[in-house]
Amino acid sequence: MTEHAPLVLDIAGTSLTAADRRRLAHPLTGGMILFGRNWQDRAQLAQLCAEIKSVRGDLLICVDHEGGRVQRFRTDGFTHLPPMRVLGELWMRDAMAATNAASAVGYVLGAELRACGVDFSFTPVLDLDWGESGVIGDRSFHRDPRVAALLAKSLMHGLLLAGMANCGKHFPGHGFVKADSHTDIPVDRRSLKAILADDAAPYQWLNTTLTSVMPAHVIYSKVDPRPAGFSSRWLNDILRRQLGFGGAIFSDDLSMAGARMIDGREVSYTEAGVAALNAGCDMVLLCNQSVGEGEAVDELLDGLTEAQLKGGWQPSEASEERRLALLPSSPAKAWDDLMADPAYRHALDLIP
């Protein structure tokens with residue numbers, strides 16, 4: 001049986017419980033996502049990351065840390081990073097300064113996280129700023145896909161300098177719809193041609209640079225009745241074959257409303273996880289279900305195990321290779337060394 005650890009879980013607190021350790025040691029667990037509730041200060045975060053790695057050294061420690069309102073760690077020395085729209089506004093005044101500032105933001109973002117033991121951030125947002133989406137809003141670089149792609153590429157260059165992989169989201173684009181997929185099931189009624197010409201264009205332009213992609217929990221009704229993260233047409237036919245993407249694909253959070261309705265019916269976390277894996281996701285996320293007893297986390301671990309044994313989904317060696325490729329390959333600078341590092345100091349001066 002091929003080893004494949006597709007599940008990314010979270011924990012409720014600021015240190016690991018016995019239940020957390022058991023779940024993280026499970027052979028189907030491949031990653032761990034941190035939230036604001038897991039943060040007290042830098043020393044605690046570094047200790048927590050060390051604890052996680054002591055359970056399994058290959059676990060990918062992730063976080064949503066973009067800048068602006070989506071930045072999980074904001075105190076005890078972490079730099080307050082601007083929302084990506086600020087970089088888009090700078091582009092309109094001075095395009096080359098904006099690309100340099102974006103690289104500085106990426107470097108500071110990645111280097112600070114890595115100094116605390118975090119491997120990976122789900123950034124950059126490639127959604128376009130159509131002016132309608134509350135959930136995307138100022139998280140977007142720009143309305144123009146060319147500007148969004150170049151600023152994202154510059155930000156990813158900064159992440160690379162810090163030894164961190166990247167994640168373009170939310171494929172093929174969440175910026176056009178008003179509804180928030182955390183609480184609703186947004187439907188985008190545009191044609192495939194219109195989406196590929198605009199929102200999805202950065203994914204093709206960045207197919208040499210993106211190391212991972214997260215699809216949107218949005219239904220693009222003229223293309224497929226399923227949300228993009230559960231659609232083989234979107235993930236295999238369009239993202240991989242047509243747009244030439246070869247990296248890892250993460251599902252968005254399976255506990256979001258947009259993930260719980262597939263083919264017109266409400267599904268369990270296990271059904272959603274199996275559907276995402278069978279559609280072409282390499283990894284699936286279940287977030288915010290560890291609070292309390294965490295029954296939903298155990299239900300998904302057991303359910304995916306049973307589904308695998310019954311042939312409901314097939315482990316993939318290629319998926320596991322793509323997961324492992326997201327782990328940092330260079331040692332991180334310690335926090336105090338980073339603070340004194342000339343490249344880091346220079347990058348701080350360039351952040352708008």
Side-chain angles (χ1 to χ4, degrees), residues 2-9 28-33 59-60 62-64 119-127 152 156 159 164-174 181 195-196 199-220 223-224 226-256 258-259 262 269 271-287 300 304 307-308 313-327:
T2 307
E3 289 297 321
H4 174 195
L7 201 52
V8 181
L9 305 175
L28 292 185
T29 303
M32 148 91 199
I33 180 168
L59 288 174
L60 183 71
C62 317
V63 68
D64 276 320
D119 297 319
F120 179 81
S121 177
F122 291 105
T123 189
V125 169
L126 297 178
D127 301 317
M156 292 189 291
L159 291 172
M164 185 174 281
N166 58 66
C167 183
K169 62 189 188 184
H170 306 83
F171 175 78
H174 200 313
S181 53
I195 296 165
L196 290 178
D199 295 63
Y203 292 88
Q204 183 160 21
W205 295 331
L206 299 172
N207 65 18
T208 56
T209 318
L210 284 167
T211 48
S212 71
V213 161
M214 178 177 283
H217 286 328
V218 174
I219 294 171
Y220 303 86
V223 184
D224 195 306
R226 288 187 163 200
F230 303 99
S231 162
S232 179
R233 179 156 191 221
W234 273 118
L235 302 185
N236 291 315
D237 299 350
I238 298 172
L239 180 60
R240 290 222 186 273
R241 294 188 195 105
Q242 197 172 334
L243 303 184
F245 173 68
I249 301 176
F250 288 90
S251 81
D252 206 341
D253 176 13
L254 296 180
S255 68
M256 287 162 59
I262 301 176
Y269 294 132
E271 288 174 298
V274 168
L277 291 168
N278 285 334
C281 287
D282 301 298
M283 304 187 74
V284 295
L285 279 80
L286 183 66
C287 304
L300 181 57
L304 276 185
Q308 181 186 346
W313 68 278
Q314 295 298 317
S316 161
E317 208 168 309
S319 288
E320 186 64 3
E321 286 172 7
R322 288 192 280 261
R323 180 186 79 83
L324 294 172
L326 299 175
L327 289 161

Exercise for review: Kindly write out the residues that satisfy side-chain contact (heavy atoms from CB on, under 4.5 Å) with Ala152, not counting sequence neighbours, or none if the list is empty.
Suggested key: Pro124, Leu126, Phe141, Leu206
Study note, to complete from the structure: Contacts of Trp313 meeting ring pair (Phe, Tyr, Trp, His ring centres under 6.0 Å) (sequence neighbours excluded), chain-then-number -> His4
Exercise for review: State, yes or no, whether a side-chain contact exists between Leu277 and Val284 at a heavy-atom distance under 4.5 Å.
Suggested key: yes
Exercise for review: Can you measure from CD (Glu271) to CZ (Phe230) and round to the nearest 0.5 angstrom?
Suggested key: 11.0 Å
Exercise for review: Could you tell me whether the side chain of Asp253 and the main chain of Cys287 form a donor-acceptor pair under 3.5 Å?
Suggested key: yes
Point to revise | Rounded distance [0.5 Å steps], CG in Leu9 versus CD1 in Ile33 | key: 10.5 Å
Exercise for review: Mind checking side-chain contact (heavy atoms from CB on, under 4.5 Å) for Ala325 and listing every partner two or more places apart, or none if nothing turns up?
Suggested key: none
Practice item. If a pair satisfies side chain to side chain donor-acceptor pair (under 3.5 Å) and one of its residues is in residues 233-242, list it, with sequence neighbours excluded. Key: Ser232-Asn236, Asp237-Arg241, Arg240-Asp282
Exercise for review: Measure the spacing between CD of Gln204 and CG of Leu210 and express it to the nearest 0.5 Å.
Suggested key: 12.0 Å
Practice item. Mind listing the closest non-hydrogen atom pair of Gly229 and Leu235 along with its distance? Key: O-CD1, 3.8 Å
Check your understanding: Can you find a heavy atom in the side chain of His170 that is under 4.5 Å from one in the side chain of Val218?
Key -> no
Exercise for review: Can you see which heavy atom on Val274 is nearest to which on Ala307, and at what distance?
Suggested key: CG2-CB, 3.7 Å
Exercise for review: Any chance you could measure Met214, atom CE, to Ser251, atom OG, to the nearest 0.5 Å?
Suggested key: 6.5 Å
Exercise for review: Take Leu243 and Ile238, measure what side chain to side chain contact (heavy atoms under 4.5 Å, CB included) needs, and give me the verdict at the end.
Suggested key: CA-CA 6 Å; Leu243 303 184; Ile238 298 172; 4.3 Å; yes
Revision key, fill the gap. Residues passing the salt bridge (charged side-chain N to carboxylate O under 4.0 Å, His left out) test with Asp64, sequence neighbours excluded, are Arg72, Lys169
Review point. Looking at residues at least two apart in the chain, or sitting in another chain, which of them share a ring pair (Phe, Tyr, Trp, His ring centres under 6.0 Å) with Tyr203?
Key: Phe171
Practice item. Check Pro215 against Ile249 and note the closest heavy-atom contact, atom names and distance. Key: CD-CG2, 3.8 Å
**Study point:** Non-hydrogen atoms of Leu304 and Gly273 that approach each other most closely
**Key:** CD2-C, 4.3 Å
Point to revise | Minimum-distance pair of heavy atoms, taken over all atoms of Phe250 and Cys281 | key: C-SG, 4.2 Å
Practice item. Could you pull out all residues at least two apart from Glu321 that satisfy side-chain contact (heavy atoms from CB on, under 4.5 Å)? Key: Glu317
Point to revise | Closest contact, heavy atoms only, Ala216 versus Tyr220 | key: CB-OH, 3.6 Å
Exercise for review: Report the residues that fulfil side-chain hydrogen bond (donor to acceptor under 3.5 Å, both in side chains) with Asp119, sequence neighbours left out, ordered by chain and then residue number.
Suggested key: Lys53
Point to revise | From CG (Leu300) to CG (Leu28), nearest 0.5 Å | key: 9.0 Å
Practice item. Apply side-chain hydrogen bond (donor to acceptor under 3.5 Å, both in side chains) to Ser231 and list each qualifying residue two or more places apart in sequence or on a separate chain. Key: Asp224
Exercise for review: Can you tell me which residue pairs pass the side chain to side chain donor-acceptor pair (under 3.5 Å) test with a partner in residues 206-216, sequence neighbours excluded?
Suggested key: Asn166-Thr211
Practice item. State the CE-OG1 distance between Met283 and Thr29, to the nearest 0.5 angstrom. Key: 9.5 Å
**Study point:** Residues forming a salt bridge (charged side-chain N to carboxylate O under 4.0 Å, His left out) with Asp127, sequence neighbours excluded
**Key:** none
